Amino acid sequence: MTVKLKGSSSSDEEDLPLSSTIPRTKRKIEDSDDEDIKSGSVITAANVKREEDKSYDSDLALSKVASPKKKVVKRGKRSSSKVAGRSLSSTKQKGIKKDSRAQPPKKISKRESSVEQQDADLDSISNEASQDADDFKWWEKENDDDSVKWISLKHNGVIFPPKYEPLPSHIKLYYNGRAVDLPPQAEEVAGFFAALLESDHAKNPVFQKNFFEDFLDVLQENGGPRNDIELKTFELCDFSKMFDYFQLQKEQKKQLSPQEKKRLKQEKEEFEEPYKFCMLDDRKEQVGNFRIEPPGLFRGRGAHPKTGKLKRRVYPEDVVLNLDKEAKVPEAPDNHNWGEVRHDNTVQWLAMWRENISNSFKYVRFAANSSLKGMSDYKKFEKARQLKDYIDPVRKDYMVNLKSKVMLERQIAVACYFIDVFALRAGGEKADDEADTVGCCSLRYEHVTLKPPNTVIFDFLGKDSIRFYQEVKVEKQVFKNLTLFKKPPKQPGHQLFDRLDPALLNKHLQNYMPGLTAKVFRTYNASKTMQDQLDLITDEGTVAEKILKYNAANRTVAILCNHQRTVTKGHAAAVQKATDRIEELEWQKIRLKRAILQLDKTEAKKNPNYFAEVKDLVKEQELLIHKRVIEKEREKFTKKFARENEKRKFDNEPPLPDSQLKEWMNKVDELESEYKREVETGKVEVKTSDVDKLKAQVEKLDQRIENYAIQLKDKEDNSQVALGTSKINYIDPRLSVVFCKKYGVPLEKVFTKSLRDKFKWAIESADENWRF
DNA sequence: CTTTCGACTTAGGACTGAGGGG
DNA sequence: CCCCTCAGTCCTAAGTCGAAAG
């Protein structure tokens with residue numbers, strides 16, 4: 001376990017050796033702080049100067065020698081000359097059209113607000129709208145001030161999850177072998193756990209403990225088990241009957257006839273229709289998450305202390321609605337009342353409630369394709385583009401400040417370097433009842449390992465407890481500073497940047513550019529990287545090849561941002577299967593080559609390279625392949641037999657005779673003995689005497705092997721990388737639009753339907769010459 | 001000032017249905 | 001054609017950051 005220094009109370013801090021030496025105020029680097037003290041010299045201003053000069057020179061030497069191949073700075077970002085000429089774009093953007101805050105307030109406010117009129121308004125949500133959101137081109141309008149988000153806002157409220165349906169009386173939780181008669185409220189909670197019985201959560205002791213505590217609470221509140229069984233330990237609970245029942249239900253749902261499924265789906269659609277849309281400034285716009293989150297067990301990520309706790313049911317009384325003053329307030333279901341009705345047009349949520357796990361708010365908001373979301377997305381990317389014009393001084397400064405005499409400034413410099421070069425997040429402090437994850441400012445001693453002369457190993461859990469592991473080379477001075485920041489008495493558990501927090505860092509960044517914060521760097525560097533990668537692609541090859549290259553560029557960005565996904569359950573198996581298949585194809589190829597040699601011995605001399613691999617195949621390996629191939633064949637026929645009979649049974653036909661299966665199996669046996677002979681005699685039983693034909697077959701196999709190998713590599717490369725997050729949040733969509741336009745790639749090959757909706761503004765505004 | 005709150009973006013995993021290969 | 005895979009969508013957790021509260 002580690003000790004947290006920051007964020008803990010001051011009394012905790014007093015126990016720690018560092019507390020007295022490092023108050024969190026700005027001050028000069030003192031002797032005890034600076035690594036240079038090791039050399040025994042007292043650091044005066046002059047001394048510092050001299051020392052710095054020396055190190056500056058050596059840094060320079062280092063960069064001179066190593067810069068062409070070193071990885072000190074990834075992605076060659078210091079090449080700003082290309083960017084410089086384009087600096088007007090961000091200013092240009094501002095003056096597209098003068099049209100101050102162009103929403104139409106007059107119509108609504110003047111309007112009669114009789115009940116009938118309002119009903120008509122709401123109906124129009126699902127019928128035709130006064131204005132279709134589709135032809136509202138907000139991005140062609142000037143909009144500087146967005147503190148007011150809307151003038152009018154009408155919606156139909158939210159959908160609540162269905163009431164709990166008690167299980168059939170024969171489905172019970174068992175305790176120590178006895179059926180427990182639970183009150184429905186407690187049964188529901190037990191059911192939440194039972195549903196997860198085969199997931200990893202159910203095996204997590206923290207999850208079990210948290211669940212069990214909350215479960216017992218609910219049980220207590222509702223009078224305990226009705227048949228007086230006292231539940232004491234989790235281990236004696238048997239949820240399997242409940243689990244089985246849920247499985248059965250799932251199965252039954254699957255078994256429904258297609259028509260039945262369709263009908264149910266349509267019913268659901270019809271019921272949800274009114275909630276899917278709202279009227280925003282008289283335009284019909286989509287609502288995002290209009291369903292209130294159902295109760296369940298909290299599934300925290302990573303080692304979350306609260307994982308497994310009961311996420312309680314939300315009632316209308318917990319919900320705050322937000323609409324305009326004239327809007328008809330939708331009726332709360334079942335004679336309930338809304339917690340509150342608000343008319344706050346400075347926010348973009350339609351409803352909210354407080355959740356009970358961390359006591360924070362959940363919001364019902366507009367969908368990603370809405371104008372408001374689009375606007376903030378656009379602004380985000382414009383802000384990132386703006387950074388182009390400021391990045392040089394920012395970088396120059398942090399390089400200079402790496403040598404600042406003020407500790408805080410050095411820490412800021414290193415933090416900026418990390419954020420810029422390695423795309424770290426800001427890293428706010430976290431509470432004890434959250435998972436222990438970190439970002440830049442919250443990095444601790446143990447998260448950074450230093451390997452002289454200038455290698456840094458990052459190893460920590462970031463957002464969502466995703467591991468960040470990188471072994472990188474850094475600027476010499478960064479390395480020196482890190483050594484300094486880790487100097488005793490600092491030890492594991494202590495903050496690396498003990499003077500720093502995101503607020504401070506962001507305040508520093510605002511000095512360069514209004515609105516500049518740590519997260520802007522991620523957007524900037526992601527989009528910049530994408531631009532650079534796309535620039536490398538030429539207008540050659542097929543559309544499919546271009547898409548492959550686009551995805552490769554996308555992957556570069558995803559890796560930069562450390563966007564990972566856990567390898568799917570079947571991944572290892574899938575890779576093994578693909579590898580096996582390639583191996584089998586290789587083997588087939590070798591057999592063909594052997595056959596060629598048998599037919600014409602002179603071939604070997606004519607082209608020894610071509611036949612080299614024939615000798616490479618080891619006998620043991622070949623035997624294994626044989627075994628695998630034969631096994632697969634047997635399995636294939638067994639399955640075919642079973643499936644065929646299943647079908648016949650369904651069609652009321654007589655099953656296939658066993659003799660059929662036997663016949664198939666005999667064929668496999670034959671094949672098996674053929675292979676056996678082949679190994680014994682070393683001779684392939686050739687079916688043709690045409691050498692050219694065989695060669696053609698070899699060629700075909702080569703092609704197939706190649707294809708499979710590429711597919712496999714792609715699969716491997718992508719197995720741990722999630723491309724979606726960067727595409728959705730970090731890469732300026734206009735880059736993709738330009739790429740597609742320029743190279744004749746259909747946009748739908750890179751953007752799904754929902755992304756095309758979300759990025760409508762980009763699709764319609766970017767021309768071929770647009771650059772990030 | 002520092003801490004907490006509120007509102008927003010960013011994130012990976014679960015679920016599901018369309019389409020691609022055997 | 002059928003199965004199975006995987007892309008696309010849904011869900012909601014977990015960040016960031018400015019502003020209010022203390």
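Protein chains get the first letters and strands the later ones, always in sequence-line order, with residue 1 at the start of each. Just so you know, these numbers come straight off a predicted model, no measurement behind them. Computed over heavy atoms, backbone and side chain alike; hydrogens, waters and symmetry mates excluded.
Each of Asp464(A) and Arg365(A) lies near DNA chain B, and the nucleotide nearest Arg365(A) is the one positioned closer to the 5' end. Judged by closest nucleotide on DNA chain C, Ile728(A) is the one of Ile728(A) and Asn289(A) placed further toward the 5' end. If you find the closest nucleotide of DNA chain B to Ile466(A) and to Trp349(A), the one lying nearer the 5' end belongs to Trp349(A).
Annotation: side chain of Asp318(A) is not in contact with side chain of Ile292(A) (no heavy-atom distance under 4.5 Å).
In terms of polar N and O atoms assigned as donor or acceptor, the side chain of Lys380(A) never comes within less than 3.5 Å of the base of dT9(B) in a complementary pairing.
What separates CG of Leu310(A) from C1' of dT12(C) is a distance of 16 Å, to the nearest Å. One can place NE2 of His304(A) at 16 Å from P of dG13(B), the figure rounded to the nearest angstrom. Rounded to whole Å, the distance from OH on Tyr275(A) to C1' on dC10(C) is 20 Å. Lys362(A) places its NZ atom 16 Å from the P atom of dT9(B), with the value rounded to the nearest Å. At whole-Å resolution of the value, CZ in Phe290(A) and P in dT12(C) are 12 Å apart. Rounded to an integer number of Å, the gap from CZ of Phe361(A) to P of dG18(C) is 20 Å. Nucleotide dT9(B) holds its C1' atom 11 Å from the CZ atom of Arg425(A), rounded to whole Å. Note: CG (Leu297(A)) to C1' (dG13(B)) measures 17 Å, nearest angstrom.
Taking only side-chain nitrogens and oxygens, Arg522(A) comes nearer than 4.0 Å to OP1 or OP2 of dA11(B). In terms of phosphate contacts, Ser754(A) brings no side-chain nitrogen or oxygen within less than 4.0 Å of OP1 or OP2 of dG8(C). Applying the 4.0 Å criterion to OP1 and OP2 of dG12(B), one finds that Thr725(A) has a side-chain N or O inside that range. Regarding contacts with the backbone of dG15(C), a side-chain N or O of Lys430(A) is found under 4.0 angstrom from either OP1 or OP2. Note on Thr437(A): a side-chain N or O is less than 4.0 Å away from OP1 or OP2 of dG15(C).
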Original post:
Should Asp324(A) and Asn345(A) be marked as a side-chain hydrogen bond (donor to acceptor under 3.5 Å, both in side chains) after you check the CA-CA gap, both sets of side-chain angles, and the distance that decides it?
Top reply: CA-CA 8 Å; Asp324(A) 72 58; Asn345(A) 70 358; over 6 Å; no
Subject >> Intermediate values then yes/no, side-chain hydrogen bond (donor to acceptor under 3.5 Å, both in side chains), Ser358(A) and Lys306(A) >> reply: CA-CA 9 Å; Ser358(A) 55; Lys306(A) 291 190 175 179; over 6 Å; no
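Out of dA11(B), dT9(C), dT12(C), the shortest distance to the side chain of Glu293(A) is found at dT12(C). Among dT9(B), dA11(B), dG15(C), the nucleotide with an atom closest to any side-chain atom of Ser376(A) is dT9(B). Listed nucleotides dG6(B), dG15(C), dC17(C) differ in distance to Thr517(A); the shortest reach to its side chain belongs to dC17(C). Of all nucleotides listed (dC11(C), dT9(B), dT10(B)), dC11(C) comes nearest to the side chain of Arg291(A). Here dC17(C) is the nucleotide among dG15(C), dG13(B), dC17(C) with the atom lying nearest to any side-chain atom of Ala426(A). For Tyr363(A), the listed nucleotide lying nearest its side chain is dA7(B); candidates were dA7(B), dA11(B), dT12(C). If you check dT10(B), dT16(C), dT9(B) against the side chain of Lys463(A), the one that comes closest is dT10(B). Listed candidates were dA14(C), dC8(B), dC17(C). Nearest to the side chain of Asn506(A) is dC17(C). For Arg299(A), the listed nucleotide lying nearest its side chain is dA14(B); candidates were dA11(B), dT9(B), dA14(B). Checking dA7(B), dT12(C), dA11(B) against the side-chain heavy atoms of Asn729(A) singles out dA11(B) as nearest.
The residue Arg301(A) sits close to a base: some heavy atom pair falls under 4.0 Å. Using a 4.0 Å heavy-atom distance criterion, Lys311(A) is classed as a sugar-phosphate-only contact. Among the atoms of the strands shown, only primed sugar atoms or phosphate atoms (P, OP1, OP2) are found under 4.0 Å from some heavy atom of Ala518(A). Using a 4.0 Å heavy-atom cutoff across all strands shown, Gln564(A) reaches sugar-phosphate atoms only and no base atom. Looking at heavy-atom distances under 4.0 Å, Lys519(A) makes contact with sugar-phosphate atoms alone, never a base. Counting any heavy atom pair closer than 4.0 Å across all strands shown, Leu755(A) reaches no nucleic acid atom. At a threshold of 4.0 angstrom between heavy atoms, the contacts of Gly724(A) with the nucleic acid are absent. Nucleic acid contact for Gly439(A): none, since no nucleic acid atom lies under 4.0 Å from a heavy atom of the residue. Note on Gln510(A): only backbone sugar-phosphate atoms sit closer than 4.0 angstrom, heavy atoms only; bases stay farther off.
We find that Asp433(A) and Lys309(A) are not joined by a salt bridge, their nearest charged nitrogen and carboxylate oxygen being 4.0 Å or further apart. Lys379(A) and Glu382(A) are not joined by a salt bridge, as no carboxylate oxygen comes within less than 4.0 angstrom of a charged side-chain nitrogen. A salt bridge does not link Glu545(A) to Lys549(A): none of the charged nitrogens lies less than 4.0 Å from a carboxylate oxygen.
A donor-acceptor contact shorter than 3.5 Å is absent between the side chain of Arg734(A) and the backbone of Ala762(A).
In plain terms, the two heavy atoms of Tyr550(A) and Phe751(A) that are nearest each other are OH-CE2, 4.3 Å.
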